[in-house]
Amino acid sequence: MIPGIKSCKNSFNVLLNENYSSLISIDKNKSYMALKISEQEHFRREALRELKELGINPYPADKYDVNVTAKDILKHFSEDKTLFQDVQIAGRLMGRRIMGSASFTELQDSTGRIQLYFNRDEICPGEDKTMYNTVFKRLLDIGDIIGVKGFVFITKMGEITIHVKEYTILCKSLRPLPVVKEKDGEVYDAFRDPEQRYRQRYLDLIVNPEVRQVFHQRARMIQSMRDFLLSKDYLEVETPVLQPIYGGAAARPFKTYHNTLDTTLYLRIANELYLKRLIVGGYDGVFEFAKDFRNEGMSRFHNPEFTQMELYVAYKDYEWMMELVEEMIEKITLDLHGTTQIPVGDKVIDFKRPWKRYSMYEAIEHFTGVDISEMTEDQLRNTTKELGVETDKTMGRGKLIDEIFGEKCEAQLIQPTFITDYPVEMSPLAKKHRTKPGLVERFEAICNGKEICNAFSELNDPIDQRARFEEQIELGRRGDPEAMILDEDFLKAIEHGMPPTAGLGIGIDRLAMIMTNSNSIQDVLFFPQMRPEKTSGTEGNINDEFTAAGIPEPWITLLHQAGYSTASTLKEANPNKVFNQLCGLRKKQKLDIPAPKPEDVKSWIENIG
RNA sequence: GACUUGGUAGCUCAGCUGGUAGAGCACAUCCCUUUUAAGGAUGGGGUCCUGGGUUCGAGCCCCAGCCAAGUCACCA
């Protein structure tokens, strides 16, 4: 007899007799999925059962107080060996080296890992060695969460270690963790597959400590920006995500529906028009860290939902805003890195003020040698051909200039650079330039070849604003899916008068990528959007179909194991063959359930819808 | 949306010209009883992403699909 089968048998009995009903109650449509588990998971469920039999609650309700972290101990113990002589700490069990009556394991808490020393006769001072021999050595696994009490010492090997006097199981883990090992900075069996890392980010966070670091940095970056803005007495606000008219940017929206209002709503693509209403309302400065949603392509720079910080300050202009951006980003860089120079890929980016400034025309002249500032649309079109920039007939003057810039300049701007004075056609919400006709007072900051922010002197002339919206409507009629919609309610607001205002939008995810030296937006989002995993067919429904045909639960599992994973495959099967297969599986797994009768199997198959 | 590459055990990956599915870690049993990715022995574990096709025979070849990564397009 094969040893593995015996364990399977036990596990099945556990599931069928004791835990099975609770598994079903968790998700009855996928009950067989719960049964279709790997051998290692069987062993863990078996260990769970044994723990319960020993009177140990694997999921205790009590709080577990800790008085120290792994990081504290590692940082301070070598300086003063009298410290940490009565510690209590909790975390996840990572590595284990069991040497008989003495064992070493690693405990990982939110701050890092520390080695634990378990000694049999200290854990179990009396005759009963169960808590060591059985519970610790056999029933605990990598991934379980425990709490320990003890004192800190240094082993012969020179490693700071907690000598455990008492431990408590805080949570039994039922699934094996990817085991990543490391020696002298070299990582073995790294958990690197991006799909798994993003879909099961918790695993990524458990086994890849550098990932935790990225999200710490992201949080500190946002904190630093918020502190900066609050120190200027601007008001942090919240505005609607669900908007009846989407606006404030050129993008395609997600559409949804409100039942009670019986109306279409959109997830915001920007919050600009709401923040400006607040400036109309009399605030001098408002900002929001806003999740925006754009129904467009995905790439390593684009996620369907992303975070933008938008700021509007009354009585200011875009020149003023440029200085604010420099000051703010420089401060953030210093807060995070202690220097203005940070590595990004194979480059070093320096955020020290002042940043380079080019007008868009100057940038194009700088990178292509062509002065387009006086060109007509036809001349521009010829220039694009000469430069090898692809265009189409729907593009007007502004779009052509933007194409040249995007194609020839943007990627080459590595150090933070302000690009100013954009064509009016591209910027329906920006104020016309005070001296340069055909342009608007707008700037973007480009860094590492990508836009990180966008700002302008906000258009507050309601007549001009209406005309600009109407031009957008015309673009929309010509088929531009990103053309803005006329927002009558917003126009009404600025007709009441909005002070001259400088507005800014900063892509938080993009900035986080630079600040954490991440190559992909997915690395700075906990849960980047992924296509839903395709489960094999419609499992839940099939199970219901099997149930509806009068097939008892245990046999449904075996039917799946026999390869009948869909109702139709079972429907087409030969009843005698199915009967033989089920009996074979029952015998092989030594299941403690009576064999079916041939006529039962036949009737099940006939009953399948 | 287009192209390229990939999908094999819980994890990381091999797999020859198409010929009985492999390793390391993890797991189990036993021995050992203070270790640093690592004590020893033995053992179990697979829908080779899915569905078709070619073939005596497919993890491998062909077609279609799914998922991911990269590049491009659109976009912040």
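Naming: A, B, ... by sequence-line order, numbering from 1 per chain.
- Annotation: cation-pi geometry satisfied between K81(A) and F77(A) (NZ/CZ under 6.0 angstrom from ring centroid, within 45° of ring axis).
- Distance, N519(A) CG to rU71(B) P: 7 Å, rounded to whole Å.
- If you take OH of Y198(A) and P of rC67(B), they are 18 Å apart, rounded to a whole angstrom.
- Here Y167(A) pairs with nothing under the side-chain hydrogen bond (donor to acceptor under 3.5 Å, both in side chains) rule; sequence neighbours left out.
- Using cut-offs of 30° and 60° on the angle between ring planes, the pair F118(A) and F136(A) is parallel.
- Taking a pair to require two hydrogen-bonding distances under 3.5 Å in either a Watson-Crick or a G-U wobble arrangement, rC32(B) remains unpaired.
- Going from the C1' atom of rC25(B) to that of rG59(B) covers 23 Å, rounded to whole Å.
- For rU35(B), the base has no donor-acceptor partner in the side chain of S103(A) [N/O atoms by modelled type, under 3.5 angstrom].
- Distance from the side chain of K137(A) is smallest for rC32(B) among the nucleotides rC32(B), rU34(B), rA69(B).
- Nucleotides rG7(B) and rC16(B) have their P atoms positioned 12 Å apart, rounded to a whole Å.
- The separation of rC67(B) from rC49(B), taken at their C1' atoms, amounts to 8 Å, rounded to a whole angstrom.
- Backbone-only contact: R138(A) has heavy atoms under 4.0 Å from sugar-phosphate atoms and none from a base.
- Of the two residues near RNA chain B, A249(A) and S299(A), the one whose nearest nucleotide lies more 5' is S299(A).
- Taking the P atom of each, rA21(B) and rU50(B) are spaced 16 Å apart, rounded to whole Å.
- Residue M298(A) contributes atom CE, which lies 17 Å from atom C1' of rA2(B) at whole-angstrom precision.
- Distances shorter than 4.0 Å separate some side-chain N or O of R531(A) from OP1 or OP2 on rA68(B).
- The base of rU34(B) lies outside donor-acceptor range of the side chain of S101(A), with no N or O pair under 3.5 Å.
- Between the C1' atom of rG46(B) and the NE2 atom of H42(A) lies a distance of 14 Å, rounded to the nearest Å.
- Q108(A) and R92(A) share no side-chain donor-acceptor pair at under 3.5 Å.
- Counting heavy atoms from C-beta on, the side chains of Y132(A) and S103(A) come closer than 4.5 Å.
- Listed pair R300(A) / rU71(B) meets the phosphate criterion, a side-chain N or O lying under 4.0 Å from OP1 or OP2.
- Summarising the geometry, the separation between CD on E159(A) and P on rU36(B) is reported as 11 Å, rounded to the nearest angstrom.
- The partner of rC74(B) cannot be assigned: no Watson-Crick or G-U wobble pair with both contacts below 3.5 Å exists in any strand.
- With rounding to whole Å, E305(A) atom CD is found 17 Å from rA76(B) atom P.
- Considering only heavy atoms from C-beta on, I329(A) comes within 4.5 Å of I506(A) through its side chain.
- Between rA23(B) and rA68(B), the two C1' atoms lie 25 Å apart (nearest whole Å).
- Nucleic acid contact for K399(A): sugar-phosphate only, since backbone atoms but no base atoms lie under 4.0 Å from a heavy atom of the residue.
- The shortest side-chain heavy-atom distance between I162(A) and Q115(A) does not fall under the 4.5 Å cut-off.
- Of the nucleotides present, none pairs with rA9(B) by Watson-Crick or G-U wobble criteria with both distances under 3.5 Å.
- Spacing between rG43(B) and rA26(B) at atom C1', rounded to whole Å, works out to 14 Å.
- Salt bridge status for E305(A) with R294(A): absent, with no side-chain N to carboxylate O gap under 4.0 Å.
- The pairing partner recorded for rA69(B) is rU4(B), the criterion being a Watson-Crick or G-U wobble arrangement whose two distances lie under 3.5 angstrom.
- Ion pairing between D402(A) and K399(A) fails under the 4.0 Å rule for side-chain N and carboxylate O.
- Side chain of R97(A), nearest nucleotide from rU36(B), rC74(B), rC27(B): rU36(B).
- For the C1' atom pair drawn from rC27(B) and rC66(B), the interatomic distance equals 31 Å after rounding to whole Å.
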Determine, for nucleotides 6-12 of chain B in 5'-to-3' order, which nucleotides have protein heavy atoms under 4.0 Å from the base (write B), from only the sugar-phosphate (write S), or from neither (write -).
----BSS

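- In this structure, CD of E182(A) is placed 11 Å from P of rA38(B), rounded to the nearest angstrom.
- Comparing the same atom, P, in rG10(B) and in rA28(B) gives a spacing of 15 Å after rounding to whole Å.
- Stacking between F306(A) and the base of rA76(B) is present: ring centres sit under 5.5 Å apart and the planes differ by under 30 degrees.
- For rU55(B), there is no paired base (Watson-Crick or G-U wobble, both distances below 3.5 Å).
- Taking for each of Y117(A) and D141(A) the nucleotide of RNA chain B with the nearest heavy atom, the 5'-most of the two is the partner of D141(A).
- Residue-level contact check: N295(A) touches neither bases nor backbone, having no heavy atom under 4.0 Å from any strand.
- Distance CG (N133(A)) to P (rC30(B)): 11 Å, rounded to an integer number of Å.
- Ring-centre distance between F456(A) and Y318(A): not below the 6.0 Å cut-off.
- Base pairing of rC27(B): its partner is rG43(B), meeting the Watson-Crick or G-U wobble criterion (both donor-acceptor distances under 3.5 Å).
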